[in-house]
Amino acid sequence: EVLEARAVVLAPGAHDGVLAFDGNDLPGVMSARAACLLLRHRVLVGSRIVVVAPDGGGPFGEAFDASVRAREAKCEVTLVRGTPIAARGSSAVKSVSIREHDGTTREIRADALLADAPRAPAYELPEQAGAELVHEPRGFVPKTDRGKIRDRFFVVGEAAGLPLEATALQSQAHDVLAQL
């Protein structure tokens, strides 16, 4: 049998953001979301952890900090609003330099650096489905008309450029449903 869907709704999400700074490839440097997934499996990524949340970053840095505190884990977490300048160490993170939002720079001893960078829409699947892409600073975003990329094909959520916020996602879902 051949089935034909009345509509195809794509919601592939977003890729963790990547920040360019000296030492961003050292062991112990990762996304805050990745550290949250490890923590869910009771794996702490370090004993002195710095979480950096630049402008436009997601909710994962704060979620990691809150989860560690709730578990009363034996580690120190420093949550900083700003951007990393450098991670220092030879085979692992030993310290990080961070420029805070107020312009001050500080050096913090750490064995892990978690970046909660703005996430980039996962545009690949929508593009394969025929979406036209628009380039923005965070990456490629499918061009849509109320979520529609072509007849019977829709893209929703972070892949469509929405923030990871329940009310925005729900509003878009209702808008797409109304078109079916």
### Value rounded to 0.5 Å, distance of CZ in F153 from CD in Q128
11.5 Å

### Query
Which atom pair, heavy atoms only, marks the closest approach of L39 to R71?
O-NH1, 3.4 Å

### Single-linkage hydrophobic cluster, 4.5 Å side-chain cutoff, L114 and L38 together
yes

### Message
Distance check, rounded to the nearest 0.5 Å: K143 atom NZ versus K148 atom NZ?
### Response
15.0 Å

### Message
If hydrophobic clusters are built by linking Ile, Leu, Val, Met, Phe, Trp and Tyr wherever their side-chain heavy atoms come under 4.5 Å apart, do V8 and L180 end up in the same one?
### Response
no

### Task
Give the minimum heavy-atom separation between P142 and A159, together with the two atoms involved.
CD-O, 2.9 Å

### Task
Would you kindly confirm whether L133 and V155 end up in one hydrophobic cluster when ILVMFWY residues are joined by side chain heavy atoms under 4.5 Å apart?
no

### Task
Return yes if some donor-acceptor pair links the side-chain N/O of D116 with the main-chain N/O of V51 below 3.5 Å, else return no.
no

### Task
Give a yes or no answer on whether the side chain of E127 reaches the backbone of F140 with a donor-acceptor pair at less than 3.5 Å.
no

### Message
Treating R150 as the side-chain partner and A129 as the backbone partner, does any N or O pair qualify as donor plus acceptor under 3.5 Å?
### Response
yes

### Message
Just so I know, are the side chains of V156 and D175 near enough to count as touching, which here means a heavy-atom distance under 4.5 Å?
### Response
no

### Query
How close do A87 and L113 get, heavy atom to heavy atom, and via which atoms?
CB-CD2, 4.3 Å

### Message
Could you measure the distance from the CG atom of L26 to the NZ atom of K94? Nearest 0.5 Å is fine.
### Response
10.0 Å

### Query
Measuring from F64:CZ to L37:CG, what's the distance to the nearest 0.5 Å?
11.0 Å

### Closest non-hydrogen atom pair, C36 against F60
SG-O, 3.4 Å

### Query
Taking atom CD of E136 and atom OH of Y123, what is their separation to the nearest 0.5 Å?
13.5 Å

### Task
Would you confirm whether Q172, through its side chain, and G157, through its main-chain N or O, come within 3.5 Å as a donor-acceptor pair?
yes

## Note on the structure
Taken to the nearest 0.5 Å, the spacing of Q179 CD from R146 CZ works out to 4.0 Å

### Nearest non-hydrogen partners of P54 and T83, listed with the distance
CB-CG2, 3.8 Å

### Message
If the threshold is 4.0 Å, N to carboxylate O, is there a salt bridge linking R119 and D16?
### Response
yes

### Flag side-chain contact, heavy atom, 4.5 Å: I85 against F21
no

### Query
Is there side-chain contact between R109 and E76, with at least one heavy-atom pair below 4.5 Å?
no

### Cluster check I108, V93: I/L/V/M/F/W/Y, side chain < 4.5 angstrom
yes

### Query
Just wondering, do S91 and P27 contact through their side chains at under 4.5 Å, heavy atoms?
no

### Side-chain heavy-atom pair P121, V141 within 4.5 angstrom cut-off
yes

### Task
Would you name the heavy atoms of T105 and R99 that are closest together and state the gap between them?
OG1-NE, 4.2 Å

### Query
Do L164 and L162 share a hydrophobic cluster, counting only Ile, Leu, Val, Met, Phe, Trp and Tyr and linking them when any side-chain heavy atoms are less than 4.5 Å apart?
yes

### Query
Under 3.5 Å, is there a donor-acceptor pair between the side chain of S67 and the main chain of A63?
yes

#### Entry: For S95, the option from R88, E107, R48 that meets side chain to side chain donor-acceptor pair (under 3.5 Å)
E107

